[in-house]
Amino acid sequence: MYHRPAQKFLAALLQQMEQRGELASHAEFYARLGAHFSDVYQLFYRLYGGRDDVSERLSQLVRMLVRAHTERPDELKQIDRTRVADPQWYLSSSLVSTMLYVDRFSGTLAGFEKRIDYLKELGINLVHLMPLLECPEGKNDGGYAVCNYRKVDEAYGSMGDLQRVISSLHKKGMLLQLDLVLNHTSDQHEWAQAARAGDAHFQDYYYLFDDRSVPDEYERSLPEVFPESAPGNFTFIEKLGKWAMTVFHEYQWDLNYTNPHVFLEMLDILLFLANRGVDVLRLDAVPYLWKRIGSVSQNEPEAHLILQLFNSCAKVVAPGVAFMAEAVVQPAEIVRYFGEGDYAGRECEMAYHVSLMVLLWDCIATGDTRLFMHAMRAMPEIPREATWFTYIRCHDDIGLGYADKDILSVGFDPFLHRRFMVEYFTGEYPGSPARGATFMYNPRTQDARISGTAASLLGLERAVELQDESAISAAIDSLIMLYAVVTSIGGIPIIYYGDEVGMTNDYTFLTDPVLHDDNRWMHRPRIDWERMKRRSKEGSVEQRVFSRMQRLIGARKATPEFGAANPMHLVDAENSHILSFLRHDESQRTFVTANVTDLPQYIDRSVLGRAGLPEDAVDLITGKPPVWRAGKILFEPYQCYWLSTRRIN
Ligand code: GLC
């Protein structure tokens with residue numbers, strides 16, 4: 001919205017900059033600056049208006065935008081233009097993503113370049129490379145403790161290598177996603193080093209306290225993220241004789257966003273990464289950006305203001321870059337990261353669909369879709385400009401963060417139900433084929449999370465060990481069924497690396513002195529490329545999974561109604577073992593319906609009728625009609641149909 005003081009401020013500053021020859025010539029840039037500046041100004045004042053230096057800092061911000069624009073390469077400006085002209089570019093069904101660790105997947109960035117064609121063969125066109133900026137050796141939380149945001153860690157290569165990877169991807173029509181770890185830096189970052197050496201300016205970049213009085217006040221309401229490996233939220237820094245806030249690990253110092261210098265430094269880094277050609281920035285741990293004594297210090301209103309401010313600034317310089325929020329919080333809170341009110345769709349364009357992920361695992365453990373259907377129905381709407389990343393596994397644990405009221409409403413006890421889930425996926429529950437592990441058991445709250453690859457959680461590891469062919473088939477079918485849901489429900493699906501060939505847990509972390517106490521490494525496998533060749537060996541597990549995944553991805557891309565701009569309607573299949581939803585656009589409709597159990601199931605023909613599908617609808621996954629038995633559709637164990645009015649081959 002037009003805001004007089006903001007426009008006045010901008011006009012005066014631009015005039016001054018013009019006189020000093022500081023202005024870059026680019027009409028599109030200034031048009032965007034003008035369009036977004038009222039927001040930038042007001043957000044900045046809401047966050048930092050109480051400080052004497054607010055106008056100085058805001059001028060610094062504008063200069064930063066101009067400089068970043070001047071430095072932005074022409075080919076990226078061209079991409080910006082295409083995306084501004086097609087602002088829904090990330091909503092199309094043609095996007096399919098993966099996430100992977102460069103060292104574990106291909107050794108180095110140069111090695112990765114040689115593997116791009118493998119990802120293309122699978123159908124991937126958006127690649128999230130896990131953190132690869134410089135980190136201290138040893139413990140670094142898988143790269144989430146960054147000590148230099150402008151340098152690629154030597155273990156992976158150089159910034160030049162990264163740029164080569166990005167241009168190779170772009171040439172092949174693929175996109176790159178990178179993390180921006182906003183909430184904390186490594187304790188080895190130069191700001192932390194300066195703070196430790198006594199520099200007051202840099203001490204103010206972090207939350208440092210002389211004694212335990214303030215930390216103790218915070219601790220009264222702060223939960224623990226890693227209660228087993230990093231209990232508490234503060235770490236005593238010997239050299240300083242002060243306590244640093246370290247919500248994650250003791251070597252990750254929380255940044256103090258009440259200080260505008262911190263915001264500006266991170267904005268500069270954000271624009272630096274955008275100018276390297278990154279297409280999607282995954283903003284790490286966003287709920288934690290603002291702390292407040294007496295609260296859990298998650299999802300505070302200021303955390304949203306910070307993200308809106310980052311987004312408005314990024315849209316001025318790099319409008320083709322999208323933000324993805326990593327917000328592992330309750331459904332009602334997650335959707336707020338897409339932005340609300342005037343900011344709907346203008347905070348983060350994308351977010352992990354954490355609820356969908358955990359609800360799908362719930363279906364597997366219970367063989368029952370009631371909680372899934374209920375909780376999905378209760379999910380708040382998201383802005384039209386926003387979309388989910390839909391997935392079943394990522395590099396983190398599975399937290400059972402669904403809402404208690406949803407669990408209660410289908411008649412389960414929240415505490416016992418969560419305990420059942422943990423027991424089921426760790427294989428303790430009688431009859432469970434799963435091979436997962438408990439992650440971060442908290443004896444105080446009895447909360448626990450789950451680690452393990454999808455294939456191991458679904459019983460493939462056990463089945464292969466027992467050479468039980470029917471159990472192997474069931475595990476593969478269930479993996480494909482879960483992926484058939486996340487590739488069709490709306491959003492950008494993530495094929496977690498290794499899942500495309502059914503990789504089971506990697507236990508090598510247990511003997512690694514740095515990694516052994518973090519069992520998330522069991523589902524961050526090292527890829528053995530010799531073994532990957534089996535994906536073309538008829539009848540191997542790898543081939544059975546890979547070929548079906550490839551087919552799913554291909555079919556998804558050929559089904560525009562799966563695009564995120566189209567609605568998703570849940571449909572009651574009148575069978576609590578079946579989950580169903582309808583996707584449609586103006587011309588086509590596809591009814592997705594999946595059996596989450598290891599037994600055959602049926603749905604009545606009337607369900608198809610209610611979804612508006614004719615009885616001669618064909619399954620897009622197999623290209624065949626469904627099997628009918630006495631007026632009902634028959635599902636094999638873990639079968640998912642995409643029944644459609646559309647025909648593909
Ligand atoms: C995010 C990452 C996780 C990391 C944490 C701290 O949650 O996904 O792996 O441990 O942030 O940076």
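Please read all numbers here as calculations on a predicted model, not as lab measurements. Counting convention: from 1, in listed order, for ligands and their atoms alike.
Closest protein heavy atom to atom 7 (O) of ligand 1: E326 OE2, 2.8 Å. Of the protein's non-hydrogen atoms, the one nearest atom 8 (O) of ligand 1 is D396 OD2, 2.5 Å. Annotation: atom 4 (C) of ligand 1 to nearest protein heavy atom, D141 OD2, 3.3 Å. If you check which protein heavy atom lies closest to atom 11 (O) of ligand 1, you get D284 OD1, 2.9 Å.
Side-chain atoms of Y288 and D254 include no donor-acceptor pair closer than 3.5 Å. There is no side-chain donor-acceptor pair under 3.5 Å between R346 and Q308.
Remark: D406 pairs with no residue by the salt bridge (charged side-chain N to carboxylate O under 4.0 Å, His left out) rule, at least two apart or across chains.
Set against the non-hydrogen atoms of R520, the atoms of ligand 1 under 4.0 Å away are 3 (C), 9 (O), 10 (O). Per-residue contacts place F248 under 4.0 angstrom from the following atoms of ligand 1 (heavy atoms of the residue considered): 5 (C), 6 (C). The H184 neighbourhood of ligand 1 comprises atoms 6 (C), 12 (O), with distances under 4.0 Å to a heavy atom of that residue.
Not a single heavy atom of H249 lies less than 4.0 angstrom from ligand 1. Distances shorter than 4.0 angstrom occur between a heavy atom of R282 and an atom of ligand 1.
In F226, the part holding a heavy atom less than 4.0 Å from any atom of ligand 1 is the side chain.
Using a 30° and 60° split on the angle between ring planes, H201 and H261 fall in the perpendicular class, above 60°. The aromatic rings of F209 and Y218 are tilted relative to each other, their planes meeting at an angle between 30° and 60°. Using bins of under 30°, 30° to 60° and over 60° for the plane-to-plane angle, the ring pair F310/F263 lands in the parallel bin.
Separating the OG atom in S451 from the CE atom in M440 is a distance of 8.5 Å, to the nearest 0.5 Å.
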